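Remarks on the structure that follows.
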Amino acid sequence: MDPERSKNWNIASRAVHAGERPARPEFTPVVTPIYPGSAYLYEDIEVMDTALAGAEGRYVYTRYGNPTTSALEAAICELEGTRAAVAFSSGMSALHAAIMTSVTPGAAIVASQDLYGATSSMLSGFMREWGCIVETVDTLDLAAVAEAVARLEPALIICEVISNPLMRVSDIPAIVDIARTVRATVLVDATFSPLLYQPAADGVQLVVHSLTKYIGGHGDVTGGVVATTALRRQKLSEFAKMGGAILGPFESWLALRGFKTLPLRMRRQCDNAAIVAAALAQHPCISHVNYPGLPSHPSHATARKLFADRGYGGMISFDIRDGGREQAFAFLEALKLVVPATSLGDVYSLSLYPAMSSHRSLSADERAAIGIGEGLLRVSVGIEDPHDIIADIDQALHVATRSG
Ligand SMILES: Cc1ncc(COP(=O)(O)O)c(C=O)c1O
């Protein structure tokens with residue numbers, strides 16, 4: 001506030017304006033500040049006019065763009081090697097925006113049968129009601145993908161790099177090749193696999209992350225982002241602006257801070273998960289372990305092709321031997337270090353029961369048909385000491401199976 005301007009104002013006016021709109025600083029903050037303001041000011045109204053017209057790097061209203069959120073979007077471009085990224089208020093709103101900007105009513109969508117539950121529900125519910133033809137396929141069966149794509153000529157193909165909860169890995173480059181035959185857009189949800197693989201380098205146009213998971217990494221932010229081409233950015237930004245599901249500045253800042261340690265965390269989580277998976281594969285109370293880093297996993301070869309030496313992710317699932325709901329509940333209750341909560345990708349290890357959470361809308365028979373047994377548990381391996389994680393799972397398994 002300019003003291004000359006305000007010197008005759010009443011305290012009621014000075015209280016409102018005091019301390020605000022300081023002169024432009026000569027220093028540069030080392031860390032991007034959180035810009036909470038909903039509106040931005042330009043001394044020159046001509047400049048404000050260009051800002052309202054959408055000039056690059058100018059801000060007028062936070063729903064149209066925010067400097068803290070732009071900083072996060074620039075970081076996501078680094079992560080995915082894309083020209084553009086648009087942040088949203090959750091992983092689901094990012095997926096919604098990516099889907100809605102790629103199809104029109106009547107269009108066909110070919111989707112993986114293994115998608116995250118809410119994504120599947122959005123496709124089979126809202127998108128069908130909206131007039132889209134949605135067909136699900138096993139994206140590991142490339143012949144089935146090619147057949148569905150040739151028959152439906154979809155506008156959009158959707159899959160995940162690593163699926164939940166069986167950790168099946170889709171051959172994304174092969175799916176892009178199939179998509180090219182009908183000029184379909186490919187959307188890949190890479191939430192489980194940041195840094196392991198960059199789908200855009202193989203021609204994927206829309207790469208989605210739930211920032212809530214590995215990128216945020218600390219269980220304290222909900223957000224999503226679409227990394228994309230320069231061409232698609234405009235439409236996605238318009239969708240964010242009109243739909244309004246933008247990521248707030250504080251959440252953007254948290255996700256940006258999380259991103260700084262993503263390479264360190266991801267490396268440690270992959271290393272820990274490999275150690276934990278190897279130990280669980282030998283455990284007498286476990287009949288089967290799903291981890292793409294294990295040579296026994298059906299996706300091991302695809303995972304090696306896609307991830308090279310970057311690791312196989314931090315997600316594991318396993319079946320309690322002869323276990324069901326009772327043993328799974330007992331296991332979750334007995335955990336002391338691993339947190340029994342519905343998320344993943346955090347610094348601390350987490351475990352959940354898919355039959356109770358992500359796949360609860362399916363019947364036990366439907367779950368069995370896609371390989372999800374009633375004794376299947378999922379663990380998101382954190383950055384703790386891997387031997388402490390193994391010891392905790394071991395004691396909880398013994399409690400659950402009453403064998404200890
Ligand atoms: C693979 C995947 N995609 C998307 C989402 C949705 O993310 P959010 O909860 O941030 O909306 C999740 C949430 O668990 C997920 O696991």
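In this text, all values refer to a predicted model and were calculated from it rather than measured experimentally.
- In this structure, the separation between CG on D319 and OG on S287 is 4.5 Å, given to the nearest 0.5 Å.
- Using a 4.0 Å cut-off between charged side-chain N and carboxylate O, R268 and D271 make no salt bridge.
- D346 and K213 are not joined by a salt bridge, as no carboxylate oxygen comes within less than 4.0 angstrom of a charged side-chain nitrogen.
- A perpendicular orientation is assigned to the rings of Y353 and F329, their planes being inclined by more than 60° (bins at 30° and 60°).
- The shortest heavy-atom contact between L377 and F331 is CD1-CD2, 3.5 Å.
- Judged by distance alone, the side chain of R58 and the main-chain N or O of A51 form no donor-acceptor pair under 3.5 Å.
- Counted by atom type alone, R265 and T261 present one or more donor-acceptor pairs between their side chains at under 3.5 Å.
- Taking the side chain as every heavy atom from C-beta outward, I45 and M48 approach each other to under 4.5 Å.
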Practice task
Please lay out, stage by stage, how Y40 and Y35 fare under the test side chain to side chain contact (heavy atoms under 4.5 Å, CB included).
Solution key: CA-CA 10 Å; Y40 296 84; Y35 289 92; 3.7 Å; yes
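- The closest side-chain heavy-atom distance from I175 to L142 is below 4.5 Å.
- Looking at I370 and H359, their side chains come closer than 4.5 Å, going by heavy atoms from C-beta outward.
- Note on R83 versus E78: no salt bridge recorded, every NZ/NE/NH1/NH2 to OD/OE distance being 4.0 Å or above.
- Applying the ring pair (Phe, Tyr, Trp, His ring centres under 6.0 Å) test to residues at least two apart or on different chains, the pairs with a partner in residues 202-252 are H96-F239.
- Considering only heavy atoms from C-beta on, V276 comes within 4.5 Å of I393 through its side chain.
- With hydrogens and angles ignored, the 3.5 Å screen pairs no side-chain donor or acceptor of N290 with any backbone N or O of M167.
- From E129, atom CD reaches atom CE of M127 across 10.5 Å, with rounding to the nearest 0.5 Å.
- Residue pairs meeting the salt bridge (charged side-chain N to carboxylate O under 4.0 Å, His left out) criterion with at least one partner in residues 358-386, sequence neighbours excluded, are R367-E374.
- Under 4.0 Å is where a charged nitrogen must lie from a carboxylate oxygen, and between E73 and R233 no such pair does.
- A donor-acceptor pair is defined here as one N or O able to donate and one able to accept, closer than 3.5 Å; such a pair exists between the side chain of T191 and the backbone of S210.
- A donor-acceptor pair under 3.5 Å is formed between the side chain of D44 and the backbone N or O of E46.
- In this structure a side-chain-to-backbone donor-acceptor pair under 3.5 Å is present from T212 to G223.
- I76 pairs with exactly one of V86, L211, T228, V226 by the side chain to side chain contact (heavy atoms under 4.5 Å, CB included) rule, that one being L211.
- Of all heavy-atom pairs spanning V381 and A273, the tightest one is CG1-N, 3.8 Å.
- Between S193 and V161 the shortest heavy-atom distance is OG-CB, 3.3 Å.
- The closest donor-acceptor contact from the side chain of Q395 to the backbone of A334 lies under 3.5 Å.
- For H283 and F318, the ring centers sit 6.0 Å or farther from each other.
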Handout entry: Evaluation steps, side chain to side chain contact (heavy atoms under 4.5 Å, CB included), between F259 and L254
Key = CA-CA 9 Å; F259 179 62; L254 280 174; over 6 Å; no
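- Taken from CG in L123 to OG1 in T136, the straight-line distance is 9.5 Å, to the nearest 0.5 Å.
- Not one N or O on the side chain of D392 forms a donor-acceptor pair closer than 3.5 Å with the backbone of L335.
- The closest side-chain heavy-atom distance from Y42 to V60 is below 4.5 Å.
- The shortest heavy-atom contact between P154 and A184 is O-CB, 3.2 Å.
- Within the 4.5 Å cutoff, no side-chain heavy atoms of V379 are placed close to those of L350.
- One N or O on the side chain of R310 and one on the backbone of L306 form a donor-acceptor pair closer than 3.5 Å.
- Here the shortest heavy-atom pairing between S299 and L140 reads OG-CD2, 3.4 Å.
- In summary, the side chains of S380 and Y348 do not present any donor paired with an acceptor at a separation below 3.5 Å, with no hydrogens or angles considered.
- Side-chain contact, R21 with H17: a donor N or O sits under 3.5 Å from an acceptor N or O.
- Here the straight-line distance linking atom CD1 of I133 with atom CG of L152 works out to 7.0 Å at 0.5 Å rounding.
- The distance from atom CD of E160 to atom CG of L115, rounded to the nearest 0.5 Å, is 5.0 Å.
- One finds a salt bridge joining E135 and R151 here, because a Lys/Arg side-chain nitrogen approaches an Asp/Glu carboxylate oxygen to under 4.0 Å.
- Put simply, the side chain of E80 never gets that close to the backbone of C77: no donor and acceptor are under 3.5 Å apart.
- Crowding of R325 atom CZ: a count of heavy atoms from other residues, nucleotides or ligands under 6.0 Å not exceeding 12.
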Problem - Residue pair F88, L236: steps toward the side chain to side chain contact (heavy atoms under 4.5 Å, CB included) verdict - result: CA-CA 10 Å; F88 291 89; L236 276 162; 4.2 Å; yes
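- D141 places a side-chain N or O within donor-acceptor distance of the main-chain N or O of A144, the cut-off being under 3.5 Å.
- For the atom pair CG of L256 and OG of S70, the computed distance is 11.0 Å after rounding to the nearest 0.5 Å.
- Between Y291 and Y312, the ring planes lie perpendicular to each other; the angle is over 60°, past the 30° to 60° tilted range.
- Donor-acceptor pairing under 3.5 Å is recorded for the side chains of Y197 and D202.
- A donor and an acceptor atom, one from each side chain of R232 and T185, are located under 3.5 Å apart.
- Shown here for I320 and L397, the closest heavy-atom pair between the two residues is CG1-CD2, 4.0 Å.
- With contacts defined as side-chain heavy-atom distances shorter than 4.5 Å, the pair L187/I99 qualifies.
- Between R168 and D114 there is a side-chain heavy-atom pair separated by less than 4.5 Å.
- Environment of CZ in R304: sparse, with no more than 12 heavy atoms of neighbouring residues, nucleotides or ligands closer than 6.0 Å.
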